[in-house]
Amino acid sequence: MKVVLPDNSKLELPDGASGLDAARAIGPKLAEQAVLMRVDGRVQDLRLPLHDGEPIQILTTRDKSDPDALAVLRHSSAHLLAEAVTQLYPGVKLAIGPPIENGFYYDFDFPEPIREEDLEKIQAEIERELAEGREWVRQEISRDEARKLFSSDPYKLELVDTAEGDISIYKQGGFTDLCRGPHLQNSKSIKALKLTGLAGAYWRGDSENPQLTRIYGTAFYSREDLDAYLERLELARGRDHRRLGPQLDLFHMSEYSPGSALWTAKGMAIYNALEDLRRRENAKRGYVEVKTPLMWDVELWKRSGHWEKYGENLFRIEHGESLYGLKPMNCPGHMLLFNTQLRSYRDLPIRYAEAAVLHRDEPTGSLQGLTRARQFSQDDAHVFCTEDQIQEEIDAMFDYVDYLYDTFGVRELAHAELATRPDNKLGTDEQWDHTEGVLRRALERIGLRHRVAEGEGAFYGPKIDFFMDDALGRPWQMGTIQLDGQQPERLGCTYMGSDNREHTPYVIHRALYGSLERFIGILLEHYGGDLPFWLAPVQVRVLPVGEAHLAAAQDLAHRLGAIYRADVAEPTDTIGKRIRAAELEKIPFTVVYGDRESDESLAVRERGGEQSTVSLAELLARLEPLLPSDV
RNA sequence: GCCGGAGUAGCUCAGCUGGUAGAGCACCUGAUUUGUAAUCAGGCGGCCGUCGGUUCGAGUCCGACCUCCGGCUCCA
């Protein structure tokens with residue numbers, strides 16, 4: 001048989017030859033360094049047989065940044081971890097140990113709980129294995145043999161019983177694991193392996209199941225790569241909005257109100273910049289601003305359907321005989337407002353916007369600064385419309401998203417998820433083809449990365465969720481666009497159609513920033529605190545060189561202050577110290593004002609250190625385009 | 001909520017095996033009057049997260065709770 005190499009040349013091999021055989025046929029060095037192969041683009045263990053005509057690519061230890069090559073290295077590392085743990089903790093039960101984004105983990109059921117300090121011992125045992133060297137041997141066995149082999153491992157047994165296809169095992173040293181592979185040939189390629197943490201994790205990700213102990217680690221083809229990774233992590237920690245917020249005095253947290261930020265005047269400058277933009281753009285795009293109560297009798301939540309599904313997350317307030325809940329969302333309020341008049345099809349669409357304070361009683365363990373808060377506001381809106389108007393409304397929302405992502409410079413952080421028709425869908429396939437098509441085309445039109453979550457839409461309509469990654473690459477749900485045919489019905493929303501009959505309107509729920517708090521958190525991490533000029537809490541700081549220049553500096557700041565957020569740092573410290581302070585506060589522009597300065601000649605310093613001498617008019621001309629464009 | 005880790009001055013952190021708390025920055029005062037990332041000197045500042053226990057004695061040991069951090073679950 002013949003296989004096709006990446007340069008399109010053909011390699012003659014005996015029938016049944018494996019990837020390793022192919023590598024040997026090409027050269028002994030390649031065979032030695034080979035870690036994995038791709039057959040027709042799909043990863044495959046080197047030990048598995050090839051077939052005539054298959055295009056193959058052999059990955060080696062030199063492909064040290066290839067995600068697949070790293071995954072196989074880390075998968076094998078997970079097996080070394082499992083071997084070490086079974087050595088050190090007899091009686092431990094093994095669950096699963098896959099490679100993940102930046103490393104690997106293995107889930108164990110320990111007879112006695114282990115602690116973080118135990119990791120050192122385990123790490124040492126792994127080092128010993130690495131020094132000794134390990135080879136992986138693959139073997140295919142029958143289901144019955146597998147059951148026998150793993151008879152004392154309940155989790156493995158469950159995996160055997162639910163596995164699809166043939167059962168394979170991998171052996172290394174004295175350790176055997178049920179595993180689909182692929183794996184390295186041997187442990188020589190693992191040049192750096194580090195256990196990074198310990199956590200609880202539920203078996204099969206279900207909180208009804210027993211909790212296992214998960215050990216996290218990472219591994220690389222070189223020591224330098226590990227060091228670089230750890231350094232990147234450290235840098236990311238410096239961008240953490242929970243660190244930057246208090247450091248830059250934007251917001252603070254108090255244990256007296258977990259999950260709710262205390263915003264300072266500087267933080268509010270950012271918050272209000274978002275609010276101002278939201279109001280201006282909403283007005284331009286035909287939204288009307290409304291305001292509905294924060295607190296509602298729980299009867300409303302029962303009627304809207306939220307009580308049953310999300311009642312646990314509702315903050316409750318007893319009031320005499322009745323029970324109130326702080327609103328976790330604006331929808332029912334907007335629907336009640338809609339119902340206050342008899343609506344005609346001529347009134348539609350009606351676009352209600354409200355960025356009210358919302359409360360959700362999130363579990364303590366899940367709170368995370370501004371990104372996962374108990375109190376927050378969404379740039380929420382509900383568009384009441386007819387079926388015919390859906391497409392146009394959604395298109396307009398996507399234009400809006402497009403504008404926001406450009407304005408905030410976060411386009412490359414964003415990606416979307418389109419949730420499509422579930423099994424219990426309402427309506428015909430043609431209708432779903434239509435609505436899903438509307439959303440998909442809109443996504444493509446604005447060129448947003450997206451994936452499709454098949455079957456995860458609500459039964460009454462598809463939805464789009466917008467995500468952004470934080471400094472550590474963790475994705476957060478930001479905005480959402482959801483078509484709702486259920487709540488308007490439950491809350492009795494109707495309008496008179498041209499046919500003189502009552503109809504239930506569609507409601508499109510939409511938040512584009514998502515939570516303002518979360519959005520600001522992500523912005524801070526994205527910019528590492530160096531916010532764009534128009535968002536910076538202090539945009540220009542004037543530094544009088546000495547006492548004699550204070551009045552002139554104040555006058556300048558006052559004039560700049562008519563348009564921008566400007567202040568003066570009084571000469572109580574040396575100029576050097578005040579410049580340093582301005583840099584640490586990440587102020588975009590500082591103007592040093594002394595004997596040499598006048599309106600005709602200002603000493604302007606940009607964040608980072610670049611200096612120039614310009615007139616006031618030139619400075620203003622330079623700042624003006626830094627404000628968001630008014631499309 | 002669950003597993004693991006942590007909580008000392010406004011901030012960043014030190015405080016060995018139990019003997020009664022320390023530095024730098026910030027802040028205040030004084031001197032200095034300053035030209036692009038820290039002038040010098042002095043001073044103020046601690047319910048050592050909270051409650052309980054062990055002990056002659058607890059920041060240190062034990063327990064519970066609160067909060068934070070890394071995960072898991074959840075996230076309308």
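First the proteins, then the strands, lettered A, B, ... as listed; each starts at 1. Both backbone and side-chain heavy atoms feed into the values below; hydrogens, waters and symmetry mates do not.
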Ordered by number, residues from residues 575-587 of chain A within less than 4.0 Å of RNA chain B (heavy atoms) are A/I575, A/G576, A/K577, A/I579, A/R580, A/E583, A/L584

When you compare B/G59 with B/C16, how far apart are their P atoms, in angstrom units rounded to a whole number? 13 Å

Less than 4.0 angstrom from a charged side-chain N to a carboxylate O is my criterion; do A/E525 and A/R474 meet it? no

What distance, rounded to whole Å, do you find between the two C1' atoms, one in B/C69 and one in B/C62? 24 Å

In which ranges does RNA chain B form stems of 3 or more consecutive Watson-Crick or G-U pairs, distances under 3.5 Å? B:1-7 with B:66-72, B:10-13 with B:22-25, B:27-31 with B:39-43, B:49-53 with B:61-65

How would you label the contact of A/P258 with the nucleic acid (heavy atoms, under 4.0 Å): base, sugar-phosphate, or nothing? sugar-phosphate

If I take atom CD1 in residue A/I215 and atom C1' in nucleotide B/G70, what distance separates them, rounded to the nearest angstrom? 15 Å

Any side-chain N or O of A/R360 below 4.0 angstrom from OP1/OP2 of B/A76? no

Against the side chain of A/P328, the closest entry in B/C75, B/A37, B/A76 is B/A76

Rounded to whole angstroms, how far apart are CZ on A/R214 and P on B/G5? 18 Å

Round to the nearest Å and state the distance from A/L262 atom CG to B/G10 atom P. 16 Å

Rounded off to whole Å, could you give me the CZ-to-C1' distance for the A/R115 and B/G4 pair? 9 Å

Find the distance A/H241:NE2 to B/C68:P and express it as a whole number of Å. 12 Å

Under 4.0 Å between a side-chain N or O of A/Q477 and OP1 or OP2 of B/A76? yes

Span that lies between the C1' atom of B/U60 and that of B/C11, in whole angstrom: 24 Å

Atom CG of A/D573 to atom P of B/G30: distance rounded to whole Å? 14 Å

Is the phosphate of B/G70 approached by A/R474 (side-chain N or O, under 4.0 Å from OP1 or OP2)? yes

Check this one for me: any side-chain N or O of A/T213 less than 4.0 Å away from OP1 or OP2 of B/C3? no

Mind checking the P distance from B/G22 to B/G43? Whole angstroms is fine. 14 Å

Between B/A14 and B/U73, how far apart are the two C1' atoms, rounded to whole Å? 38 Å

Below 4.0 angstrom, N of the basic side chain to O of the carboxylate: do A/E362 and A/R374 qualify? no

Please state whether the phosphate of B/U67, meaning OP1 or OP2, lies under 4.0 angstrom from any side-chain nitrogen or oxygen of A/R242. no

Euclidean distance for P, B/A58 against B/G19 (whole angstrom): 11 Å

